[in-house]
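Residue numbers run from 1 in the order of the sequence given.
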Amino acid sequence: MIPTVPWPIWGLSYASGPNYNMPWELHDQTGRAEALTQAYDACEAANRCLKGCTSVETLLIRALKTRYPQRSLGEAMHDWDFDFAQAMRSAFKSCDTHLDLRTIFAESLLNLTPWKMWDLKTGAPAEGAATLEAQELLETAMETAPGAMTHPGLLHLYVHLMEMSPTPEKALKAADVLRRLVPDAGHLVHMPTHIDVLCGNYHDVVLWNQEAIKADLKYYDREGAYNIYTGYRQHNYHFVIYGALFLGQMEPALQANQGLWDTTPEEMLRIKSPPMADYFESYMAMHPHILIRFGRWQDCIDLDLPADPELYCTLTATTHYARALAYAATNRVSDAEAEEQLFLAALGRVPETRLMHNNRVTDLLEIAREMLRGEIEYRKHNYDLAFAHLRRSVELDDNLPYDEPWGWMQPTRHALGALLLEQGHVAEAEAVYRADLGLDNRLSRASVHPDNVWRLKGLHDCLNARGDSVELQHVKQKLDIAEARSVGVFASCGCAQIAMQPESCCSS
């Protein structure tokens with residue numbers, strides 16, 4: 001039922017439409033039609049009762065007509081987003097002191113090119129994006145407007161804007177305020193960790209996503225899993241896993257993975273409209289990645305396949321990948337190649353529509369294909385061919401669409417560097433480690449992993465191998481601090497022989 005007070009009706013209309021994470025194109029046909037009908041009807045109702053509204057309320061309500069110009073679906077609904085942004089630009093010129101209006105204007109600009117605000121390769125604003133306009137809009141407010149640094153909308157959007165930028169650290173102050181501002185809004189508690197992970201604050205990544213999950217579970221206990229917020233809750237569990245892996249901490253990752261399974265019922269994944277499995281099943285494939293990260297090779301080999309491989313197609317393919325990788329790492333080459341064929345068959349059954357947030361699962365599994373072939377060729381002593389495949393996996397990893405957490409769970413350079421170093425290619429391994437740590441400006445800012453324990457270990461070992469006596473001490477200091485929180489890291493990848501020595505706590 002649509003309320004009869006105009007301002008709540010505006011909120012219903014606005015919230016029913018597209019947003020940065022869910023543009024019109026990601027709605028299925030039924031969901032798009034339902035959302036538009038509710039949004040349009042509420043928009044019309046709000047515009048029928050403008051009497052008594054403030055000037056700001058009137059501006060915002062009237063702008064909705066450009067966001068929802070018709071009740072029926074159109075061929076180019078994204079065009080409406082541009083019309084709405086222009087309407088908000090005009091509204092802002094009429095009243096540039098109101099923080100809520102400024103926030104809605106800024107969001108309208110981000111929604112023109114969601115998740116494509118910056119060119120990752122050059123660090124420049126993406127072509128066609130209103131990046132600089134949005135940046136000026138938000139930063140001017142945060143620097144000069146009273147109350148802006150405690151406005152959750154402005155701070156939230158600034159985190160989104162700057163996470164893809166070449167300078168995500170500029171959003172640290174906003175992030176530190178936002179994470180404590182609305183403690184029962186799990187998504188807002190979580191959002192600062194998009195900046196934390198880019199700045200190497202992996203402890204905060206784990207801690208604040210765990211706090212966000214506490215808030216998420218309040219909503220889950222009340223509303224259950226059969227709603228779109230399941231994706232936000234899964235995203236937070238995913239972030240805990242990702243941060244824990246970079247910390248070198250296995251237990252928080254396993255606990256978060258269990259939380260994923262406890263709050264994602266299979267019956268929900270089976271819903272066809274909207275196709276819940278396409279959005280949410282990929283998150284159920286985290287456990288093999290955890291085992292791979294920590295070199296738990298026998299545990300990988302012992303993994304069971306899901307009872308329904310069609311529903312759990314990402315998990316099925318990832319399980320075969322983990323098994324094959326484990327066979328290769330333990331020099332069971334024929335078993336690895338047999339399992340590789342099962343992986344390739346499972347990969348072929350993953351639909352193109354299956355997503356891991358901003359990435360297609362099929363694209364992620366192409367990285368697995370190259371990594372696996374590289375690991376197998378390495379055990380066959382075909383080193384040149386092995387490194388060619390591993391370098392190809394690095395190329396694929398680097399060119400994934402932006403996402404946080406990054407789409408591929410273990411950075412591909414961690415395996416390449418470990419095996420290069422094992423074969424005595426110290427200079428190339430060192431260059432690989434420097435790139436991953438962001439020490440040479442070769443990679444996009446979003447692709448580097450500052451101060452992660454695995455890469456620090458690799459760089460330390462390279463410096464030690466070539467007899468460095470200056471930088472080694474600086475890297476060792478960082479490594480000692482990182483290792484103090486980790487389970488103990490013997491190489492940048494569990495596939496290296498040194499990581500499988502009996503004293504290694506990362507080996508099975």
State whether a side-chain donor-acceptor pair under 3.5 Å links [X] with [Y].
X	Y	answer
Glu377	Tyr383	no
Asn21	Trp115	yes
Ser492	Tyr433	yes
Glu339	His320	yes
His389	Arg369	no
Asp216	Asn236	yes
His235	His357	no
Asp397	Trp406	yes
Gln249	Ser486	no
Tyr312	Glu266	yes
Thr319	Thr316	no
Glu422	Tyr378	yes

Below 4.0 angstrom, N of the basic side chain to O of the carboxylate: do [X] and [Y] qualify?
X	Y	value
Arg413	Asp398	yes
Asp196	Arg179	yes
Arg391	Glu370	no
Lys173	Asp176	no

Lys/Arg cation over aromatic Trp297: Arg332, 6.0 Å, 45° cone: no

Test side-chain contact (heavy atoms from CB on, under 4.5 Å) applied to Glu281 and Val350, Leu355, Leu315, Val361, the passing residue: Leu315

So, [X] side chain and [Y] main chain: donor-acceptor pair closer than 3.5 Å or not?
X	Y	value
Thr122	Ala124	yes
Ser444	Lys121	no
Thr330	Tyr327	yes

Check against salt bridge (charged side-chain N to carboxylate O under 4.0 Å, His left out), Glu483 and Lys476: CA-CA 10 Å; Glu483 282 196 316; Lys476 185 178 186 301; over 6 Å; no

Does a sphere of radius 6.0 Å around [atom1] in [X] hold more than 12 heavy atoms from other residues, nucleotides or ligands, not counting ones at 6.0 Å or beyond?
X	atom1	result
Asp440	CG	yes
Glu471	CD	yes
Gln423	CD	yes

side-chain contact (heavy atoms from CB on, under 4.5 Å) evaluation trace for Leu157 with Thr103: CA-CA 8 Å; Leu157 294 176; Thr103 299; 3.8 Å; yes

From CD (Gln410) to CZ (Arg293), nearest 0.5 Å: 3.5 Å

[Y] side chain reached by [X] side chain, heavy atoms, under 4.5 Å:
X	Y	answer
Asp81	Pro18	yes
His287	Trp261	no
Asp403	Met164	no
Ile367	Leu400	yes

Ring-ring centroid check His289 Trp408, cutoff 6.0 Å: yes

Phe294 ring center near Trp454 ring center (under 6.0 Å): yes

Pair Tyr202-Asp451, side-chain hydrogen bond (donor to acceptor under 3.5 Å, both in side chains): steps then yes or no: CA-CA 9 Å; Tyr202 306 116; Asp451 290 348; over 6 Å; no

Sequence-distant partners of Tyr237, ring pair (Phe, Tyr, Trp, His ring centres under 6.0 Å), two or more places apart: none

side-chain hydrogen bond (donor to acceptor under 3.5 Å, both in side chains) evaluation trace for Glu163 with Tyr402: CA-CA 10 Å; Glu163 64 180 305; Tyr402 176 83; 2.7 Å; yes

Step-by-step side-chain hydrogen bond (donor to acceptor under 3.5 Å, both in side chains) determination, Glu395 to Asn399: CA-CA 6 Å; Glu395 181 183 359; Asn399 286 284; 4.9 Å; no

